[in-house]
Engineer: 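Supplied in structure tokens, the structure appears directly below.
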Amino acid sequence: MILGRPTNLWTGLATAVLGVVSVFAINVLRYDPETVALITASLATLFGAVIAVVAVQPPTVNTGSSVNVTTPSGQPNATATLGVTPQGNVTADTTS
């Protein structure tokens, strides 16, 4: 997720923008189509990598954070609250 939007929407936006830029560069500016394709393909790869790095960050949970645990259908879902014991061990208190 980036700014509350799923990764596929950002990837689609980047692809659409590059498509519009390609059409503009070829039809209006009269650039060579092969050169435009090479440049936009490289930019698409770069944008895809940046979107993947930004959007697929590992989740961060801290002491006191609640995590929703989704179970298979037919079983109750649970919420786990993270805590630390005096010995420094991480615990999770679950409630259904």
Engineer: Cluster question for you: counting only ILVMFWY and a side-chain heavy-atom cut-off of under 4.5 Å, with indirect links fine, are Phe47 and Ile39 together?
Structural biologist: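 Shared cluster, yes.
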
Engineer: Taking Val17 as the starting point, is it possible to reach Leu3 by hopping between hydrophobic residues whose side chains are less than 4.5 Å apart?
Structural biologist: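 As far as the 4.5 Å side-chain criterion goes, Val17 and Leu3 are connected within one cluster.
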
Engineer: Run the side chain to side chain contact (heavy atoms under 4.5 Å, CB included) test against Leu29 and tell me which residues pass, sequence neighbours left out.
Structural biologist: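 So Leu29 forms a side chain to side chain contact (heavy atoms under 4.5 Å, CB included) with Phe24, Tyr31.
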
Engineer: Linking I/L/V/M/F/W/Y whenever their side-chain heavy atoms sit closer than 4.5 Å, directly or via other members, would Val20 and Val36 fall into one cluster?
Structural biologist: no

Engineer: Residues two or more places apart in sequence or in another chain: which of them pass side chain to side chain contact (heavy atoms under 4.5 Å, CB included) with Pro6?
Structural biologist: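 Only Met1, Asn8, Leu9 meet the side chain to side chain contact (heavy atoms under 4.5 Å, CB included) criterion with Pro6.
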
Engineer: Only counting residues at least two apart or in another chain, list the ones meeting side chain to side chain contact (heavy atoms under 4.5 Å, CB included) with Val50.
Structural biologist: Leu46, Val54

Engineer: If the condition is side-chain hydrogen bond (donor to acceptor under 3.5 Å, both in side chains), which residues does Thr7 pass it with, not counting sequence neighbours?
Structural biologist: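 Partners of Thr7 under the side-chain hydrogen bond (donor to acceptor under 3.5 Å, both in side chains) test: none.
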
Engineer: Going by the rule side-chain hydrogen bond (donor to acceptor under 3.5 Å, both in side chains), which residues pair with Asn68 if we only count those two or more places apart in sequence or in a different chain?
Structural biologist: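 Here the qualifying residues are Thr79.
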
Engineer: Looking at Ile2 and Ala55, what are the two nearest heavy atoms and their distance?
Structural biologist: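 For Ile2 and Ala55, the tightest heavy-atom pair comes out as CG1-CB, 3.8 Å.
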
Engineer: Starting from Val21, can I reach Leu38 by hopping between I/L/V/M/F/W/Y residues whose side chains sit under 4.5 Å apart?
Structural biologist: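 No, no single cluster joins them.
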
Engineer: What residues form a side-chain hydrogen bond (donor to acceptor under 3.5 Å, both in side chains) with Asn27, not counting sequence neighbours?
Structural biologist: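 In terms of side-chain hydrogen bond (donor to acceptor under 3.5 Å, both in side chains), with neighbours along the sequence ignored, Asn27 is linked to no residue.
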
Engineer: Okay, side chain of Trp10, backbone of Ile51: is any donor-acceptor separation there less than 3.5 Å?
Structural biologist: no

